[in-house]
*Asks:* 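Quick one: the structure is below, and I'll ask about it shortly.
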Amino acid sequence: MSKHWVALIRNWSGKVADNLITAASFLVFCALDLLDCFFCVCYRFIDEFLEGKVETCYCESRGNIGGVYGEDELSATLYERKNLFRQMVLVRLGRNRREECGNGGAARLPRWSDCGCETCLSWQKAEQKLFYVVKEPIPDANGDCGRDSVENVIFLHGFMSSSSFWTETVFPNLSEETKLHYRFIALDLLGFGGSPKPRDCLYRLRDHLEMIEKSVIQPFELDSFHLVAHSMGCIIALALAAKHPRCVKSITLIAPPYFPSSREKASLVALNRLAERRLWPPLLFGSSFMSWYEHLGRTVCLLVCRNHGAWEWILKLLTRQRDLHFMIKDATRHTHHSAWHSMHNVICGGAKYMDDYLGVLSKSGMWVAVIQGDGDQVVPPECSYHLKQKMPFAEVKIIRNADHTSVVLGREKDLAGELENIWSLTENKTRENL
């Protein structure tokens, strides 16, 4: 058989497979649309029975929800996610309107469907600040750590992760010379890891920025620092750099989600690109399931996150390990409320501000480096190329045979070296401009 016919058959079989997946996806997601509405009604009655009030949701249109929090700061994806059954009477059973919560005590109490273990509630015992890990400069043989010349680096993790993403990978692989002159700060972002997860917060970009400023920038009096971020953290890093352009010396973005679009459509474009309603590949289906279905996602968190202790015990028993990989534990250290709103108000909602942030960075002359794996199935590699078009001066490096996580995990030493090179070049450039 000639190569021409082989190519035609492969092309035909690929189209058939794609059409089958599309048809199956439509049927499955129609069923999930109905199931999510069913759980909407179920949670309405359970919340009212257990807590004495109905937990508000986004099944109603934007016009029916009060604008207490500032509608422009809420992602359009919260209200405009398509659902074939949302407008039915099924989900119009008299809901309480979202009211601004002014009583800190109620805001600190977990929902009945959230985990109430000591680890998950430890943040409630202290002032509401982010959990962070600080690695101070190491003194040299003479006991001098060169504090007068110390530079700071803030690390921001991605969605459903924590500071461990950096402390377990990059921190141990930094050179001794670098450790002499840099202070490293890895944060647990608001709503994740050991950081606060308040119920009265909608986890907007502004909320994340204010907590970073309150927890790290102000206490450490940082007037100069580098930023390193992964995935969702890239959006927060860009917002932080745009807010403090004179303080940020360089910004390294690893797998940044950036989809050029008009401001009006940016949020929905981001949702459809990052969580398209398709059954295949499985990772995409998982993302769409948790991003499109508020009540089904809450059910998953009820079964998994609320019982993370039991699941961790079972996994330790099955794997015969005394401790689990940090990514397994991080995946459950959030509430559905914090993860749901961070997904929509940061990842999707932040998309409409990306061009503004990039414009500020372009004018500031800040050093911008972008690193991404060519096999990334979460954030398409094209995002880095789009960003390069927006900022021609940005340095883009595509890592072969790396995906969304292996762009860091598995090449920790190489990444640490790349970061050190970026910081060194930035410092040299700064000295030249003095």
*Asks:* Do side-chain atoms of Ser215 reach the backbone of Ile212 as a donor and acceptor pair under 3.5 angstrom?
*Replies:*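 No, Ser215 side chain to Ile212 backbone: no donor-acceptor pair under 3.5 Å.
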*Asks:* Set out, in order, the CA-CA distance, both residues' side-chain angles and the distance that settles side chain to side chain donor-acceptor pair (under 3.5 Å) for His336 and Ser113, then state yes or no.
*Replies:* CA-CA 9 Å; His336 174 255; Ser113 54; over 6 Å; no
*Asks:* One thing to verify: whether Arg333 and Asp188 come together as a salt bridge, which I'm taking to mean a side-chain N less than 4.0 angstrom from a carboxylate O.
*Replies:*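 No, this pair does not count.
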*Asks:* If you compare all heavy atoms of Ala237 against all heavy atoms of Leu227, which two are closest, and at what distance to 0.1 Å?
*Replies:*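 Shortest heavy-atom contact: O-CD1, 3.6 Å.
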*Asks:* For Tyr293 and Phe39, I'd like to know if the aromatic rings sit close, meaning centre-to-centre distance below 6.0 Å.
*Replies:*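 No; Phe39 has its ring centre 6.0 Å or more from that of Tyr293.
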*Asks:* Quick one: do the His344 and Thr77 side chains pair a donor with an acceptor below 3.5 Å?
*Replies:*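 Checked: His344/Thr77 side chains pair up, N/O donor to acceptor below 3.5 Å.
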*Asks:* Parallel under 30°, tilted from 30 to 60°, perpendicular over 60°: which one fits the rings of Tyr182 and His226?
*Replies:*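 Rings of Tyr182 and His226: tilted, as their planes differ by 30° to 60°.
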*Asks:* Got a sec: does the NZ of Lys265 have more than 12 other heavy atoms crowding it under 6.0 Å?
*Replies:*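 It does not: Lys265 NZ has 12 such atoms or fewer within range.
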*Asks:* Flag yes if more than 12 heavy atoms outside Lys316 fall under 6.0 Å of its NZ atom; otherwise flag no.
*Replies:*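 Correct, the count exceeds 12.
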*Asks:* Over 60° means perpendicular and under 30° means parallel, so classify the ring planes of Tyr132 and Phe220, tilted if in between.
*Replies:*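 The rings of Phe220 and Tyr132 stand perpendicular, inter-plane angle above 60°.
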*Asks:* For Lys390, does the NZ atom sit with more than 12 other heavy atoms under 6.0 Å from it, leaving out its own atoms?
*Replies:*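 Atom NZ in Lys390 is not packed in, count stays at 12 or less.
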*Asks:* Under 3.5 Å, is there a donor-acceptor pair linking the side chains of Asn345 and Ser75?
*Replies:*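 Note: Asn345 and Ser75 side chains miss the donor-acceptor criterion.
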*Asks:* What closest approach, in Å, do Ala270 and Cys348 show between heavy atoms, and which atom pair accounts for it?
*Replies:*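 Smallest interatomic distance, heavy atoms only, reads CB-CA, 4.2 Å.
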*Asks:* Do Phe225 and Val248 have side-chain heavy atoms sitting under 4.5 Å apart?
*Replies:*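 Yes - at least one pair of side-chain heavy atoms lies under 4.5 Å apart.
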*Asks:* Less than 4.5 Å apart, any side-chain heavy atom of Asn272 and any of Phe259?
*Replies:*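 When only atoms from C-beta onward are counted, Phe259 and Asn272 do not touch, as no gap falls below 4.5 Å.
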*Asks:* With no hydrogens and no angle check, is any side-chain donor or acceptor of Glu264 less than 3.5 Å from a backbone partner on Lys352?
*Replies:*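 Absent.
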*Asks:* Can you find a side-chain donor-acceptor pair between Thr178 and Ser175 that sits under 3.5 Å?
*Replies:*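 Their side chains do contain a donor-acceptor pair, which is all the 3.5 Å distance test asks for.
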*Asks:* Are there over 12 heavy-atom neighbours, none belonging to Phe393, within less than 6.0 Å of that residue's CZ?
*Replies:*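 Buried by this count: over 12 neighbours within 6.0 Å.
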*Asks:* Would you confirm whether the ring centroid of Trp166 sits within less than 6.0 angstrom of the ring centroid of Phe171?
*Replies:*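 Phe171 vs Trp166: aromatic centres not under 6.0 Å.
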*Asks:* Would a 4.5 Å heavy-atom cut-off, applied to side chains only, mark Met366 and Ser250 as touching?
*Replies:*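 No, their side chains stay 4.5 Å or more apart.
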*Asks:* Distance-only, no hydrogens or angles: does the Lys125 side chain make a donor-acceptor pair with backbone N or O of Leu121 under 3.5 Å?
*Replies:*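 Side chain of Lys125 to backbone of Leu121, a donor-acceptor pair under 3.5 Å: no, none is there.
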*Asks:* Tell me the closest heavy-atom pair linking Cys305 and His334, and the distance in Å.
*Replies:*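 Between these two residues, the closest heavy atoms are SG-NE2, 3.6 Å.
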*Asks:* Inspect the surroundings of CH2 in Trp280 and state if more than 12 heavy atoms from other residues, nucleotides or ligands are less than 6.0 Å away.
*Replies:*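 Counting neighbours around CH2 of Trp280, 12 or fewer heavy atoms of other residues, nucleotides or ligands fall under 6.0 Å, so no.
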*Asks:* Looking at every heavy atom in both Ile236 and Leu209, which two are closest together, and how far apart are they?
*Replies:*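 Shortest heavy-atom separation between Ile236 and Leu209 comes out as O-CD2, 3.7 Å.
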*Asks:* Can you list the steps and then say if Asp376 with His404 is a side chain to side chain donor-acceptor pair (under 3.5 Å)?
*Replies:* CA-CA 5 Å; Asp376 196 329; His404 196 64; 2.9 Å; yes
*Asks:* For the residue pair Asn421 and Ser424, confirm or rule out a side-chain donor-acceptor distance under 3.5 Å.
*Replies:*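 No donor-acceptor contact under 3.5 Å links the two side chains.
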*Asks:* Say whether, by atom type as modelled, one donor and one acceptor occur between the side chain of Asp36 and the main chain of His295 under 3.5 angstrom.
*Replies:*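 At least one qualifying donor-acceptor pair exists.
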*Asks:* Do the non-hydrogen side-chain atoms of Leu274 and Ser287 ever get within less than 4.5 Å of each other?
*Replies:*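 They are not in contact (no side-chain heavy atoms under 4.5 Å apart), so the answer is no.
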*Asks:* Examine distances only and state if a side-chain atom of Thr335 and a backbone atom of Ser338 form a donor-acceptor pair shorter than 3.5 Å.
*Replies:*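 Checked: pair present.
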*Asks:* In the structure I gave you, are the side-chain heavy atoms of Ile399 and Ile371 within less than 4.5 Å of one another anywhere?
*Replies:*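 Ile399 reaches Ile371 side chain to side chain.
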*Asks:* Might you work through the side chain to side chain donor-acceptor pair (under 3.5 Å) test for Thr22 and Arg278, ending with a clear yes or no?
*Replies:* CA-CA 7 Å; Thr22 300; Arg278 284 179 66 86; 3.1 Å; yes
*Asks:* Minimum heavy-atom separation for Ala242 and Pro245, please, with both atom names.
*Replies:*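 In this case the closest contact between Ala242 and Pro245 is O-CD, 3.3 Å.
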*Asks:* Do Val408 and Ile254 have side chains that get closer than 4.5 Å, going by heavy atoms?
*Replies:*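 The answer is yes; the side chains approach within 4.5 Å.
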*Asks:* Between Lys214 and Lys129, is there a donor-acceptor pair closer than 3.5 Å when you use the side chain of the first and the backbone of the second?
*Replies:*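 The answer is no, because no donor-acceptor pair under 3.5 Å joins these two groups.
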*Asks:* Below 30° counts as parallel, above 60° as perpendicular, anything between as tilted: where do the rings of Tyr203 and His337 land?
*Replies:*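 Rings of Tyr203 and His337: perpendicular, as their planes differ by over 60°.
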*Asks:* Looking only at non-hydrogen atoms, find the nearest pair between Gly350 and Leu205 and report the distance.
*Replies:*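 Result for this residue pair: CA-CD1, 3.7 Å.
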*Asks:* Walk me through whether Glu276 and Ser288 qualify under side chain to side chain donor-acceptor pair (under 3.5 Å).
*Replies:* CA-CA 6 Å; Glu276 184 183 2; Ser288 60; over 6 Å; no
*Asks:* Are any side-chain N or O atoms of Ser406 and backbone N or O atoms of Ala402, one a donor and one an acceptor, separated by less than 3.5 Å?
*Replies:*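 Not confirmed, Ser406 side chain does not pair with Ala402 backbone.
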*Asks:* Decide yes or no for Glu151 and Arg183: does some side-chain heavy atom of the first lie under 4.5 Å from some side-chain heavy atom of the second?
*Replies:*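 Of all side-chain heavy-atom pairs linking Arg183 with Glu151, none is under 4.5 Å.
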*Asks:* Does Tyr258 offer a backbone N or O that forms a donor-acceptor pair with the side chain of His386 under 3.5 Å?
*Replies:*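 No; zero donor-acceptor contacts below 3.5 Å.
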*Asks:* Indicate, with yes or no, if the rings of Tyr58 and Trp292 have centres closer together than 6.0 Å.
*Replies:*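 No; Trp292 has its ring centre 6.0 Å or more from that of Tyr58.
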*Asks:* Answer yes or no on whether Arg298 is positioned over the face of Tyr43, meaning its NZ or CZ is under 6.0 Å from the six-membered ring centre and within 45° of the axis.
*Replies:*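 Output yes; distance and angle both within limits.
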*Asks:* Compare all side-chain heavy atoms of Leu361 with those of Met391 and state whether any distance is below 4.5 angstrom.
*Replies:*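 SC-SC contact between Leu361 and Met391 confirmed.
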